[in-house]
Amino acid sequence: MSVGEDLHAAPIHAAEFRFYAELNDFLPQARRQRSFSYRYTGSPSLKDAIEALGVPHTEVDLILVDGRSAAFDDPVPAGARVAVYPAFETLDVAGLTRLRPEPLRVTRFVADVHLGTLARYLRLVGFDTVWRNDLGDDEIIAIAAREHRIILTRDRGILRDGRVTHGYWLRAVDPREQFEELVRALDLARRVRPYTRCLECNGLLEPLSREAAKPLVPARVHAAHREFVRCGRCGRVYWSGSHRARLDAIVRSALEAGPARS
């Protein structure tokens with residue numbers, strides 16, 4: 001035994017990990033679309049290991065250890081093969097341990113502070129989306145937990161918080177591309193209900209008679225239009241104005257988007 005040798009050094013274990021589909025977006029290039037060795041000491045849970053490798057737990061819906069489904073809290077077995085999958089749209093995984101108490105595809109959202117334009121696009125096509133430019137991470141997490149919402153963010157850190165159960169990390173930077181990415185990833189096209197929510201406050205829109213609209217809109221607008229709606233929350237009045245063609249194009253992009261995986 002050499003001088004200074006540590007008699008109490010923790011043994012190093014290894015397990016083989018493989019991540020599938022869009023989970024590879026979180027990995028360095030050398031680990032994408034392939035199996036690799038994960039070395040560790042102690043008894044980390046599968047959740048700890050997955051997040052140490054850079055993948056937020058909110059993106060994971062199924063873990064197989066040597067072909068058998070496992071839970072986040074299970075320890076990483078030395079020498080095992082660990083396969084990690086995102087949420088499935090069409091594959092039949094009946095009988096396996098899904099990692100969520102309810103479906104991931106809940107179509108209500110809370111958006112991070114930098115996603116104001118995306119929030120407006122989602123409201124445009126009818127999705128209940130909470131957004132304010134003064135929301136901190138703790139408040140976003142609290143809203144998501146209390147109201148069963150999916151957190152939308154470009155910040156991976158918030159998705160690693162243990163209190164978060166449902167979240168989506170947006171790969172795109174441009175708001176229009178973010179919108180189309182989200183519609184595809186969460187297969188939202190079939191749930192689109194255009195022009196039913198207020199773009200400003202997220203309230204539901206209600207029909208407003210032309211007579212009732214008269215004192216609420218400019219005279220030229222009242223003379224040129226026959227149909228109006230009003231937000232039941234903030235009272236804002238909407239009509240089919242000069243921006244309608246641009247908004248219709250955004251709606252069409254949602255309706256035509258297919259799911260990310262068939």
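When a residue number appears, it is its place in the shown sequence, counting from 1.
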*Step-by-step side chain to side chain contact (heavy atoms under 4.5 Å, CB included) determination, Thr165 to Thr58*: CA-CA 6 Å; Thr165 59; Thr58 54; over 6 Å; no
*Going through the checks in order, is the side chain to side chain contact (heavy atoms under 4.5 Å, CB included) test met by Val84 and Leu62?*
CA-CA 6 Å; Val84 189; Leu62 179 68; over 6 Å; no
*Candidate pair Asp25 and Arg32, rule salt bridge (Lys or Arg N to Asp or Glu O under 4.0 Å), full reasoning*: CA-CA 8 Å; Asp25 293 345; Arg32 293 181 182 179; 5.5 Å; no
*Dump the intermediate steps for side chain to side chain contact (heavy atoms under 4.5 Å, CB included) on Gln33 and Arg18, then the final yes or no.*
CA-CA 7 Å; Gln33 308 294 345; Arg18 169 72 192 267; 3.7 Å; yes
*Going through the distances and angles, do Leu118 and Leu152 end up as a side chain to side chain contact (heavy atoms under 4.5 Å, CB included)?*
CA-CA 9 Å; Leu118 173 62; Leu152 303 178; 4.3 Å; yes
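Minimum heavy-atom separation, Ile140 to Ala111: CD1-O, 4.4 Å. Nearest heavy atoms, Ala49 versus Val76: CB-CG2, 3.8 Å. Residues Gly167 and Glu59 approach most closely at O-OE2, 3.9 Å, considering heavy atoms.
The aromatic rings of His13 and Tyr40 sit tilted, their planes meeting at an angle between 30° and 60°.
Judged by distance alone, with hydrogens and angles left aside, the side-chain atoms of Gln178 form a donor-acceptor pair with the main-chain N or O of Val173 at under 3.5 Å. With hydrogens and angles ignored, the 3.5 Å screen pairs a side-chain donor or acceptor of Arg154 with a backbone N or O of Arg171. A distance-only check finds no donor-acceptor pair linking the side chain of Arg226 to the backbone of Arg210 [under 3.5 Å]. Put simply, the side chain of Asp174 gets close to the backbone of Glu177: a donor and an acceptor are under 3.5 Å apart. Panel note: side chain Arg230, backbone Ser209; no donor-acceptor pair is recorded below 3.5 Å. The backbone N or O of Asn202 lies less than 3.5 Å from a partner atom in the side chain of Arg197, making a donor-acceptor pair. The backbone N or O of Cys201 sits less than 3.5 Å from a side-chain atom of Arg233, completing a donor-acceptor pair. Checked by atom type and distance alone, the side chain of Asn24 pairs as donor or acceptor with a backbone atom of Phe19 at under 3.5 Å. Of the possible donor and acceptor atoms, one in the side chain of Thr129 sits under 3.5 Å from a partner among the backbone N and O of Phe127. Side chain of Arg149 to backbone of Ala144: no donor-acceptor contact under 3.5 angstrom is found.
Separating the CD1 atom in Ile150 from the OG1 atom in Thr153 is a distance of 13.5 Å, to the nearest 0.5 Å. The structure places CH2 of Trp239 at 14.5 Å from CD of Glu227, a figure rounded to the nearest 0.5 Å. Rounding to the nearest 0.5 Å places CD1 of Ile158 at 6.5 Å from CG of Asp155. Rounded to the nearest 0.5 angstrom, Glu51 CD and Leu46 CG are separated by 12.0 Å. With values rounded to the nearest 0.5 angstrom, Tyr238 atom OH is found 12.5 Å from Glu206 atom CD. Rounded to the nearest 0.5 angstrom, Leu255 CG and Ile250 CD1 are separated by 12.0 Å.
Counting heavy-atom neighbours within 6.0 Å of Arg39 CZ, excluding the residue itself, gives a total of 12 or less. Environment of CD in Glu200: crowded, with over 12 heavy atoms of neighbouring residues, nucleotides or ligands closer than 6.0 Å.
Counted by atom type alone, Tyr195 and Arg123 present zero donor-acceptor pairs between their side chains at under 3.5 Å. Between the side chains of Glu181 and Tyr168, at least one donor N or O sits under 3.5 Å from an acceptor N or O.
Side-chain atoms of Leu182 and Leu122, non-hydrogen and from C-beta on, do get closer than 4.5 Å to each other. Residues Phe109 and Asp128 form no side-chain contact, since every pair of their non-hydrogen atoms from C-beta on lies 4.5 Å or further apart. Put simply, the side chain of Ile151 does not reach to within 4.5 Å of the side chain of Asp112, judged on heavy atoms. In this structure, the side chains of Ser35 and Phe17 stay at 4.5 Å or more apart for every pair of heavy atoms. Residues Val229 and Val237 form no side-chain contact, since every pair of their non-hydrogen atoms from C-beta on lies 4.5 Å or further apart. You'll find the side chain of Tyr85 reaches within 4.5 Å of the side chain of Leu64, heavy atoms only. Between Ile143 and Leu135, the closest side-chain pair of non-hydrogen atoms falls below 4.5 Å. Leu115 has its side chain within reach of Leu170: a pair of non-hydrogen atoms, C-beta onward, lies under 4.5 Å apart.
One hydrophobic cluster, built from ILVMFWY side chains closer than 4.5 Å, holds both Leu247 and Val183. Leu204 and Val130 fall into different hydrophobic clusters, where Ile, Leu, Val, Met, Phe, Trp and Tyr residues are linked whenever their side-chain heavy atoms come under 4.5 Å apart, directly or through other members. The hydrophobic clustering, which links ILVMFWY residues whose side-chain heavy atoms are closer than 4.5 Å, places Val164 and Trp131 apart. Hydrophobic clustering, with ILVMFWY side chains joined whenever heavy atoms are under 4.5 angstrom apart, keeps Leu199 apart from Val217. Tracing side-chain contacts under 4.5 Å through hydrophobic residues (I, L, V, M, F, W, Y), one never reaches Leu208 starting from Leu205; they form parts of separate clusters.
Under a 4.0 Å N-O distance rule, the pair Arg132/Glu139 qualifies as a salt bridge. Between Arg163 and Asp161 a salt bridge is recorded (basic side-chain N to carboxylate O distance below 4.0 Å). Comment: Asp187 engages Arg190 in a salt bridge, judged by a side-chain N to carboxylate O separation of less than 4.0 angstrom. Of the charged side-chain nitrogens involved, at least one lies within less than 4.0 Å of a carboxylate oxygen, so that Glu180 and Arg176 count as a salt-bridged pair. Arg81 and Glu16 are joined by a salt bridge, as a carboxylate oxygen and a charged side-chain nitrogen come within less than 4.0 angstrom of each other.
Figure legend: cation-pi geometry between Arg31 and Phe36, with NZ or CZ positioned under 6.0 Å from the six-membered ring centre and within 45° of its axis.
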